[in-house]
Amino acid sequence: MALKSFIEVHPDSHFPIQNLPYGVFKPEPESQPRPGVAIGDYVLDLYEIASAGLFDGPLLKGSDCFHQPTLNKFVAMGRPAWREARATIQKLLSSTEPALRDNANFRGKSLIPVSKVEMLLPTNIGDYTDFFASLHHATNCGIIFRGKENPVPLNWFYLPIAYHGRASSVVISGTGIVRPSGQAYPLGDSPPSFGPSQKLDFELEMAAVVGPGNELGKPVDVNEAADHIFGLVLMNDWSARDIQRWEYVPLGPFLGKSFGTTISPWIVTLEALEPFVCEAPKQDPPPLLYLAEEISRNYDISLQVQIKPAGHDQASVVSNTNFKYLYWTLTQQLAHHTVNGCNLRPGDIFGTGTLSGPEPDSLGCLMEITWNGERPLSLNGATRKFLEDGDEVIFSGFCKGNGYKVGFGTCSGKVLPSIP
Ligand SMILES: O=C(O)/C=C/C(=O)CC(=O)CC(=O)O
Ligand SMILES: [Ca+2]
Ligand SMILES: [Mg+2]
């Protein structure tokens, strides 16, 4: 029989007992931030569960990892501790387990409607890196930025290209994003202009949350890299295309991307995603040995982007795609990141890169969807080349199980006017 919780969970919910994603929340505005797990429309308060001594396995008994304001300490403990926590929580929430089910007082204290809580960044993010690992996205950007001849540079096929992003401006879903000002690509013979970006875009990505890190100087083997990944979130790598296009040669993106990056609050663990593993695309040329994996794994995660234009109350779908199109896998990205000895630390994140698929309706950013503004998009009465002030961008994603979904919830942000 399928695993079931004593808590009523709608079949369309992203958070059934098969998921159990981790986040950090405040039950009341004045409370201390604490770790929680989403179940249906509730958050299970792990501070309370730990305080009641219910984490009684060998690794978590007596640990203060759930008495922390972030998940860094827990994710650093590694997969055996994650497995133990998952087993404990799954048992506690199951329909056959009386401990919480039959204790109204304790239930009231430890299960809080998600609508009542404030979600915070789940980890203290020391570093954030962003990859460029979708072949469809790389091809389209290459044509738009550099022309039709060889849109994808040769190095792209040999290594997962990335740039170092800015951890300080990673924000939680729901945070407003101020339109950045900067130098824009010069038109004709004129010098570059300065002002609010006229080509503000979103980028549909997912980000991996690093679990145990690696010591400086000690690379992680690609076949062991999965043990360093706690789970995944949705990520919007907001991008100012006019600023980016002018500044990115030769060192890569800088101010065109560092003004804000939004992540969703719930980290879905690799354990929860395990039933949705699928084969990654075939790599040709074959990767160098340090990137050659025994098993190459992607995940079948349906992803959707909606835009709710300023002044409208309805959002329109602008893209439907899937995580499975990712060319360089998460484990290859992690192995490559550490191959020179660079250390990753618990709670760091790395973005996959924009997740464009092969179809015209599966593109991951407006630059591709409107072809750099040449083909404006019609959104139920509103037209867009790029984002306007007041537009809200909403990502969602889920895996389809048999009678349930393992989902990520949403990752949203509204564009605020530039600061004069
Ligand atoms: O092709 C380029 O020059 C740059 C493309 C991007 O903006 C991509 C980037 O941030 C990485 C990604 O999201 O795939
Ligand atoms: Ca990006
Ligand atoms: Mg960004």
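Numbers for residues simply follow the sequence, beginning at 1. For ligands, and for the atoms within them, numbers begin at 1 and follow the listed sequence.
- Within ligand 1, counting atoms from 1 as listed, the ones closer than 4.0 Å to a heavy atom of E205 are 13 (O).
- Counting the atoms of ligand 1 from 1 in the order shown, those under 4.0 Å from a heavy atom of R146 are 1 (O), 2 (C), 3 (O).
- Checking each of V209, V75, I263, T70 against P122 for a side-chain contact (heavy atoms from CB on, under 4.5 Å) leaves exactly one that passes, namely I263.
- A donor-acceptor pair under 3.5 Å links the side-chain atoms of N298 to the main chain of L326, judged by distance alone.
- In the candidate list Y163, F132, F131, F132 is nearest to atom 5 (C) of ligand 1, counting heavy atoms.
- Of the possible donor and acceptor atoms, none in the side chain of R345 sits under 3.5 Å from a partner among the backbone N and O of G211.
- Regarding atom 6 (C) of ligand 1, its nearest protein heavy-atom neighbour is Q244 NE2, 3.4 Å.
- Here M367 contributes atom CE and T354 contributes atom OG1; the two are 8.0 Å apart, rounded to the nearest 0.5 Å.
- E205 places a side-chain N or O within donor-acceptor distance of the main-chain N or O of G353, the cut-off being under 3.5 Å.
- Given atom 13 (O) of ligand 1, the protein heavy atom at minimum distance is T354 OG1, 2.7 Å.
- Near D237, the atoms of ligand 1 lying under 4.0 angstrom from a non-hydrogen atom of the residue are 10 (O).
- Under the 3.5 Å distance criterion, the side-chain polar atoms of S5 are matched with a main-chain donor or acceptor of L93.
- Of all the atoms in ligand 1, the ones that sit under 4.0 Å from a non-hydrogen atom of D130 are 10 (O), 11 (C), 13 (O).
- The shortest contact between atom 8 (C) of ligand 1 and any protein heavy atom is with H137 NE2, 3.4 Å.
- Within the 3.5 Å criterion, the main-chain N or O of G341 finds no donor-acceptor partner in the side chain of T338.
- A side-chain donor-acceptor contact under 3.5 Å links R179 to the backbone of S197.
- Side-chain contact of W238 with T261: a donor-acceptor pair under 3.5 Å is absent, judged by distance alone.
- Those atoms of ligand 1 that come under 4.0 Å of a heavy atom in E203, given as number and element, are 6 (C), 7 (O), 8 (C), 9 (C), 10 (O), 13 (O).
- Considering backbone and side-chain N/O atoms, Y248 never comes within less than 3.5 Å of an N/O atom of ligand 1.
- Taking the six-membered ring where the residue is Trp, the centroids of H14 and F408 are separated by 6.0 Å or more.
- Using a 4.0 angstrom heavy-atom cutoff, R241 counts as in contact with ligand 1.
- Of all protein N, O or S atoms, those under 3.0 Å from the Ca ion (ligand 2) number 4.
- Protein heavy atom closest to atom 10 (O) of ligand 1, with residue, atom name and distance, is K257 NZ, 2.6 Å.
- By the salt bridge (Lys or Arg N to Asp or Glu O under 4.0 Å) test, D242 is found to be paired with no residue, residues two or more places apart in sequence or in another chain being considered.
- In summary, the atoms of ligand 1 found under 4.0 Å from a heavy atom of G353, numbered by their order in the structure, are 12 (C), 13 (O), 14 (O).
- A salt bridge links D12 with K405: the distance from a Lys NZ or Arg NE/NH1/NH2 to an Asp or Glu carboxylate oxygen falls below 4.0 Å.
- For H136 and Y327, the side-chain atoms include no donor-acceptor pair closer than 3.5 Å.
- Ligand-side atoms of ligand 1 in range of C141: 1 (O), 5 (C), range being under 4.0 angstrom from any heavy atom.
- Ligand 1 places these atoms under 4.0 Å from at least one heavy atom of F145: 1 (O), 2 (C), 3 (O), 4 (C).
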